[in-house]
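Below is one structure; the comments refer to it alone.
Just so it is clear, the structure is predicted and the values come from calculations on it, not from any experiment. Within every chain, numbering begins at 1; the chains are lettered A, B, ... in the order of the sequence lines, protein sequences first and strands thereafter.
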Number of protein chains: 4
Amino acid sequence: MKTRDRIIMAALELFNERGESNVTTNHIAAHLGISPGNLYYHFRNKEEIIHSIFDEYASDLRIRFQPQAEFDATAESLLQYLDAVFMLMWRYRFFYANLPDILRRDEGLQGKYMAAQENLHQNMMALMESFKQGGLLDLDDKELLSLTNTLKLVASSWICYQTTQAPGAKITKAVIYQGVLQVLSIVRPLTTDKGRERVLQLETHYMDQERQDIA
Amino acid sequence: MKTRDRIIMAALELFNERGESNVTTNHIAAHLGISPGNLYYHFRNKEEIIHSIFDEYASDLRIRFQPQAEFDATAESLLQYLDAVFMLMWRYRFFYANLPDILRRDEGLQGKYMAAQENLHQNMMALMESFKQGGLLDLDDKELLSLTNTLKLVASSWICYQTTQAPGAKITKAVIYQGVLQVLSIVRPLTTDKGRERVLQLETHYMDQERQDIA
Amino acid sequence: MKTRDRIIMAALELFNERGESNVTTNHIAAHLGISPGNLYYHFRNKEEIIHSIFDEYASDLRIRFQPQAEFDATAESLLQYLDAVFMLMWRYRFFYANLPDILRRDEGLQGKYMAAQENLHQNMMALMESFKQGGLLDLDDKELLSLTNTLKLVASSWICYQTTQAPGAKITKAVIYQGVLQVLSIVRPLTTDKGRERVLQLETHYMDQERQDIA
Amino acid sequence: MKTRDRIIMAALELFNERGESNVTTNHIAAHLGISPGNLYYHFRNKEEIIHSIFDEYASDLRIRFQPQAEFDATAESLLQYLDAVFMLMWRYRFFYANLPDILRRDEGLQGKYMAAQENLHQNMMALMESFKQGGLLDLDDKELLSLTNTLKLVASSWICYQTTQAPGAKITKAVIYQGVLQVLSIVRPLTTDKGRERVLQLETHYMDQERQDIA
DNA sequence: CATGAATGAGACTTCATTCAT
DNA sequence: CATGAATGAAGTCTCATTCAT
């Protein structure tokens with residue numbers, strides 16, 4: 001792997017572990033066994049590293065949530081969606097934990113972030129709409145918007161929130177699965193009979209996963 | 001006002017404005033026009049200032065959410081609850097935005113925080129239960145727990161989430177009212193007819209407030 | 001007791017315990033339960049406190065080692081001398097441990113100290129001379145000077161030296177008695193038969209004391 | 001010379017001149033014309049600088065006092081010993097002057113120091129024993145132990161003691177030579193005829209040296 | 001590409017001392 | 001006599017960043 005990519009990976013790993021502001025560029029270099037000078041050969045500054053991480057994140061986000069050409073709401077496909085969301089949340093969790101600070105001092109990133117969020121919002125809305133059209137959800141347009149917003153908020157806050165609820169505790173997969181279940185519990189009251197059935201399938205799946213992870 | 005209290009106020013103000021880690025003890029002192037030595041006369045270190053702010057927060061939290069002796073779910077009383085929640089979120093918003101970092105480096109605060117959260121959870125559960133008993137909510141025990149958790153998460157993440165959605169933008173009262181409305185939208189699908197009516201009253205109230213604030 | 005004297009006492013106690021440079025004027029005031037302002041009412045600055053302690057020390061030193069009008073070298077009287085020396089060393093031990101630093105920054109104290117040392121030297125020389133005249137010591141004038149210097153050095157360095165040999169350990173009376181025995185071991189090779197007998201008496205006495213203290 | 005070594009040298013020089021506690025890391029950096037940051041690039045903190053100096057000292061101490069395989073008490077070899085002792089005392093004199101304070105706040109150094117002292121004591125005892133076996137000293141085992149302790153104390157206290165006797169005055173070589181002579185005067189009463197002769201030779205040597213230095 | 005020594009601004013904190021009350 | 005809030009210089013240490021090699 002190229003040094004540049006190794007730096008991004010190491011930074012992401014350390015940021016997630018200790019929080020962005022507690023990781024110095026020297027930490028990252030030392031972690032990789034390279035010199036600080038070398039790090040600065042590949043990146044003009046710390047900000048640029050964060051930008052690169054963000055670019056990966058935004059790219060992941062775009063790919064995963066591309067609206068499907070044809071509607072497809074099999075349990076299988078829903079699982080993939082949910083797994084993808086929380087995988088993203090997990091992979092870039094430092095970002096969610098430090099977002100206000102990071103964005104405050106980097107106007108360039110603010111722009112990128114807003115664009116990514118806007119794109120995500122559109123895709124999420126399209127997805128929810130397709131669920132509604134597919135007869136899984138029973139709600140009006142206003143409710144659909146509210147639901148989308150709630151889901152976005154809950155998904156993106158989940159890991160950070162759990163971190164604070166049990167400080168020091170490692171975030172395990174079980175915590176992630178609980179996040180999915182929490183999301184499902186929000187959706188359930190708004191489902192049709194068909195949708196509810198689908199939710200139950202998913203709940204069963206994630207409760208099994210959770211049980212396996214704890215064991 | 002006593003210098004000690006002025007320091008707490010200034011710190012809270014600056015923390016909220018710029019993020020805790022971006023505010024130095026020198027900033028706080030300069031903001032008040034006092035010497036750094038004076039600040040350290042009143043507080044042993046920055047940590048102690050944060051503890052003092054937290055103590056105020058925890059005290060507010062405890063008082064506001066004391067379970068009522070008699071059940072009382074008039075629109076009036078619900079309004080007070082909702083206002084209180086979001087007032088707290090707003091007053092101590094830096095805390096929510098920087099919680100992982102703050103707790104990570106202060107084990108003492110972790111303990112206090114966990115205790116406060118536990119207390120809050122009990123009170124919230126009691127409140128939701130009383131809504132159920134009062135015929136406002138229609139849900140089983142598991143759903144009640146899920147709802148409580150969602151509400152806690154949404155309420156405590158709302159301001160931080162909004163900050164990131166529109167970075168640089170000041171958080172106005174309108175944003176707060178939208179938070180309340182978001183919370184109501186989560187509750188609504190689980191209400192009885194009587195409960196739905198109450199929710200509608202509240203929605204009307206906060207939509208009016210929002211309109212006024214924007215104007 | 002007057003506040004002024006209590007300050008001197010507290011300062012001496014804390015200096016001995018923690019070293020002069022590790023004791024702040026605030027420590028002293030807090031230890032007495034008085035305000036820093038009050039301390040500075042009684043003393044212009046920290047230096048003045050040290051001066052006052054030194055004045056007590058110098059006065060003690062002068063009184064204890066006043067040459068006796070009539071020669072008197074009974075074991076009883078020798079005991080008093082030795083006890084007095086080491087009591088002084090003990091009472092003002094911080095002084096010996098921090099002397100270079102203290103004198104370096106206080107020229108006024110340097111003068112006082114030199115005068116006290118000069119006076120002590122004269123008295124010690126007179127004392128040793130009287131031991132020689134009294135037929136206790138067998139040595140020429142050059143040896144007498146050397147012995148005097150050695151004794152002064154050993155006595156004044158003893159406690160500080162022991163502190164470093166067992167850092168953290170409390171200096172007990174047993175350590176003091178060992179110091180006396182060390183001094184006696186230096187004198188013994190230079191005694192007459194009569195003198196040696198006297199030394200043996202003293203050694204017996206201090207070995208008993210040491211044993212008692214340890215038990 | 002490497003910056004790291006220059007820092008150690010400068011620190012040693014300044015510590016000796018002004019006392020360890022009166023020399024800040026900024027002083028050291030300024031003295032070398034480097035930035036404070038650079039100093040902290042080479043040493044994690046002031047303590048580590050002191051440790052490095054101590055390590056050099058302990059290494060010197062160990063090498064110089066390694067017991068000789070074959071007994072060798074020519075005046076030449078004795079001279080080397082005495083010179084070595086006082087060279088050490090002189091080179092690391094700040095250490096002796098500030099030992100109680102330095103050890104008090106650095107437990108790690110305490111351990112190292114105790115080990116070095118124990119090693120020194122063993123070597124000194126072996127040396128004195130070899131003098132006794134070589135027919136230079138005439139004393140019993142208890143006296144030999146006392147003598148060893150006295151010599152260690154006098155040698156290690158000499159420079160500090162002299163500093164206080166003439167504060168402000170520079171410690172010259174002459175002062176060092178007087179220290180050697182003082183040590184010899186302690187040994188002399190315990191020598192055999194052969195030993196006394198050797199002591200006289202050494203005294204003559206150091207009195208010549210002293211005279212030369214003063215001139 | 002890579003090294004690693006070097007920079008310097010600035011963070012947190014301490015403490016002898018002052019002064020209005 | 002006494003209080004205690006206040007000062008400000010200075011000390012230790014950190015870290016993003018630069019640059020000669």
Side-chain angles (χ1 to χ4, degrees), chain A residues 2-4 6-7 20-30 32-50 105, chain B residues 2-4 6-7 21-30 32-49 105, chain C residues 2-4 6-7 20-30 32-50 105, chain D residues 2-4 6-7 21-30 32-49 105:
Chain A
K2 301 278 188 197
T3 299
R4 197 190 142 83
R6 292 177 57 226
I7 292 170
E20 182 268 337
S21 69
N22 303 309
V23 175
T24 71
T25 50
N26 279 355
H27 279 146
I28 301 170
L32 288 171
I34 67 173
S35 66
N38 194 5
L39 186 148
Y40 274 84
Y41 174 80
H42 292 283
F43 294 91
R44 221 169 345 143
N45 50 38
K46 201 181 174 186
E47 214 167 291
E48 203 175 285
I49 301 177
I50 297 172
R105 58 174 195 253
Chain B
K2 299 278 187 198
T3 298
R4 196 191 143 86
R6 291 177 60 224
I7 292 171
S21 69
N22 304 307
V23 175
T24 73
T25 50
N26 279 357
H27 284 145
I28 301 170
L32 288 171
I34 67 176
S35 66
N38 193 8
L39 184 148
Y40 278 87
Y41 175 77
H42 291 283
F43 294 90
R44 227 179 333 180
N45 49 40
K46 200 182 169 185
E47 212 167 293
E48 202 174 287
I49 300 177
R105 57 170 197 258
Chain C
K2 301 278 187 196
T3 299
R4 196 190 143 86
R6 292 177 59 226
I7 292 170
E20 181 268 336
S21 68
N22 304 308
V23 175
T24 72
T25 49
N26 278 355
H27 281 145
I28 301 170
L32 288 170
I34 68 173
S35 66
N38 194 5
L39 184 148
Y40 275 85
Y41 175 81
H42 291 284
F43 294 91
R44 222 171 340 146
N45 49 39
K46 200 180 173 185
E47 214 168 290
E48 203 175 285
I49 301 178
I50 297 172
R105 59 172 195 254
Chain D
K2 301 278 187 197
T3 299
R4 197 192 141 86
R6 291 176 60 222
I7 292 170
S21 68
N22 304 306
V23 175
T24 73
T25 49
N26 279 357
H27 284 147
I28 300 170
L32 288 171
I34 67 175
S35 66
N38 194 8
L39 185 147
Y40 278 88
Y41 174 76
H42 292 283
F43 294 91
R44 226 178 335 182
N45 49 40
K46 201 182 169 185
E47 212 167 293
E48 202 174 286
I49 301 177
R105 57 170 196 260

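Among residues two or more places apart in sequence or in another chain, the side chain to side chain donor-acceptor pair (under 3.5 Å) test is passed with B/Thr24 by B/His27. Residues passing the side chain to side chain donor-acceptor pair (under 3.5 Å) test with A/Thr25, sequence neighbours excluded: none. The side chain to side chain donor-acceptor pair (under 3.5 Å) search around D/Glu47 returns none, not counting sequence neighbours.
Nearer to the 5' terminus of DNA chain E, by closest-nucleotide assignment, is the contact made by B/Thr24 (compared with the other of B/Thr24 and C/Pro36). Residue-to-nucleotide proximity on DNA chain F shows that, of D/Glu47 and A/Lys46, the 5′-proximal contact is made by D/Glu47. The nearest heavy atom of DNA chain F to D/Val23 and to A/Val23 marks one nucleotide each, and the one closer to the 5' end goes with D/Val23.
Rounding to the nearest 0.5 angstrom, the gap separating the OH atom in B/Tyr41 from the CD1 atom in B/Ile34 is 12.5 Å. The distance from atom CD1 of B/Ile28 to atom CZ of B/Arg6, rounded to the nearest 0.5 Å, is 13.0 Å. Interatomic distance, CD of A/Glu48 versus CD1 of A/Ile50, reported as 11.0 Å (0.5 Å rounding).
Summarising the geometry, the separation between CD1 on A/Ile28 and C1' on F/dA16 is reported as 11 Å, rounded to the nearest angstrom.
Inter-residue side-chain proximity for B/His42 and B/Lys2 is flagged as unmet; no heavy-atom pair is nearer than 4.5 Å.
Scanning all heavy atoms of the two residues, the minimum distance from A/Leu39 to A/Ala29 falls at CD1-N, 4.0 Å. Taking all atoms of both residues into account, the shortest heavy-atom contact from A/Leu32 to A/Ile7 is CD1-CA, 3.6 Å. Taking both residues in full, the closest heavy atoms of D/Ile49 and D/Phe43 are given as CG1-CG, 3.5 Å, listed atom of the first, atom of the second, then distance.
The environment of CZ in D/Arg105 is crowded: more than 12 heavy-atom neighbours from other residues, nucleotides or ligands sit within 6.0 Å.
Spacing between F/dT21 and E/dC1 at atom C1', rounded to whole Å, works out to 13 Å.
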Nucleotide-level pairing of DNA chain E, given in dot-bracket where Watson-Crick and G-U pairs need both distances under 3.5 Å and | marks other strands: .||||||||||||||||||||
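Within residues 37-44 of chain B, the residues having any heavy atom closer than 4.0 Å to DNA chain F are, in order of number, B/Gly37, B/Asn38, B/Tyr41, B/His42.
The nucleotide range of DNA chain E contacted by chain B, defined by atoms under 4.0 angstrom from heavy atoms of the protein and reported 5' to 3', is E/dA11 to E/dC15.
Among the protein residues, A/Thr25 comes within range of the nucleic acid bases, having at least one heavy atom under 4.0 Å from a base atom.
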